[in-house]
Chemist: 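Dumping the structure here so I can ask a few things about it.
Because the structure is predicted, anything quoted here is derived from the model rather than measured.
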Amino acid sequence: MRTCVLFVLILLGAAPAAFGQYTVSGKVMDARTKEPVAFASVVWGGGERWAATSEKGVFVLKNVPAGEATLTVTSLGYAKRKIKVTVDADV
């Protein structure tokens, strides 16, 4: 099995329609080739939020609450990758 690397960028701007909710975005890339992984599944916590990556490996999770959760990335042919992410409302 191949492994994938997840680069995460956390944007801490409150969404106007949902106060206290944030956006988590990032890019999923192959650890060896550094190529984007298209159509990977990205799940926040226990499945409260999820997204599929674009053809360029980019994902966006909207309306994410502040706090800590596990981001799980899966894609056919790759090992599952989990990463702890904290959205800090005080930043």
Chemist: Find out if a path of hydrophobic residues (ILVMFWY) with successive side-chain heavy-atom gaps under 4.5 Å connects Tyr78 to Val28.
Modeler: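 Linked, Tyr78 and Val28 end up in one cluster.
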
Chemist: Please give me the minimum heavy-atom distance between Phe59 and Val24, naming the atom from each residue.
Modeler: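 Shortest heavy-atom separation between Phe59 and Val24 comes out as CE1-O, 4.0 Å.
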
Chemist: Hey, what do you get for OG (Ser75) to CZ (Arg81), rounding to the nearest 0.5 Å?
Modeler: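 Nearest 0.5 Å value for the OG-CZ distance: 14.0 Å.
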
Chemist: Taking all heavy atoms of Lys82 and all of Thr72, pick out the closest pair and write down the distance.
Modeler: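 Shortest heavy-atom separation between Lys82 and Thr72 comes out as CG-OG1, 3.8 Å.
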
Chemist: Provide the closest heavy-atom pair for Val87 versus Pro65 in the form atom of the first, atom of the second, distance.
Modeler: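 For Val87 and Pro65, the tightest heavy-atom pair comes out as CB-O, 4.1 Å.
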
Chemist: Determine whether Leu71 and Trp44 make a side-chain contact, defined as any pair of heavy atoms from C-beta on separated by less than 4.5 Å.
Modeler: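 Yes, at least one pair of side-chain atoms sits under 4.5 Å.
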
Chemist: In terms of hydrophobic clusters joined by side-chain contacts under 4.5 Å, are Val43 and Val85 together?
Modeler: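 Hydrophobic grouping puts Val43 apart from Val85.
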
Chemist: Of all the heavy-atom pairs spanning Lys84 and Thr70, show the shortest one and how long it is.
Modeler: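 It is NZ-OG1, 3.3 Å.
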
Chemist: When you group the ILVMFWY residues by side-chain heavy-atom contacts below 4.5 Å and let the links chain together, are Val42 and Ile83 in the same group?
Modeler: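 Both belong to a single hydrophobic cluster.
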
Chemist: Does any N or O in the side chain of Thr53 come within less than 3.5 Å of the main-chain N or O of Ala40, such that one atom is a donor and the other an acceptor?
Modeler: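 Checked: pair present.
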
Chemist: I need the minimum non-hydrogen distance between Ser25 and Val60, along with the two atoms involved.
Modeler: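 Looking at all heavy atoms of both residues, the closest pair is CB-CG2, 4.1 Å.
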
Chemist: If you take all heavy atoms of Lys27 and Lys56, which pair is closest and at what distance?
Modeler: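 Here Lys27 and Lys56 meet closest at CE-O, 3.2 Å.
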
Chemist: Going by the rule side-chain contact (heavy atoms from CB on, under 4.5 Å), which residues pair with Glu55 if we only count those two or more places apart in sequence or in a different chain?
Modeler: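 Testing Glu55 for side-chain contact (heavy atoms from CB on, under 4.5 Å), a comparison that skips the adjacent residues, returns Phe39.
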
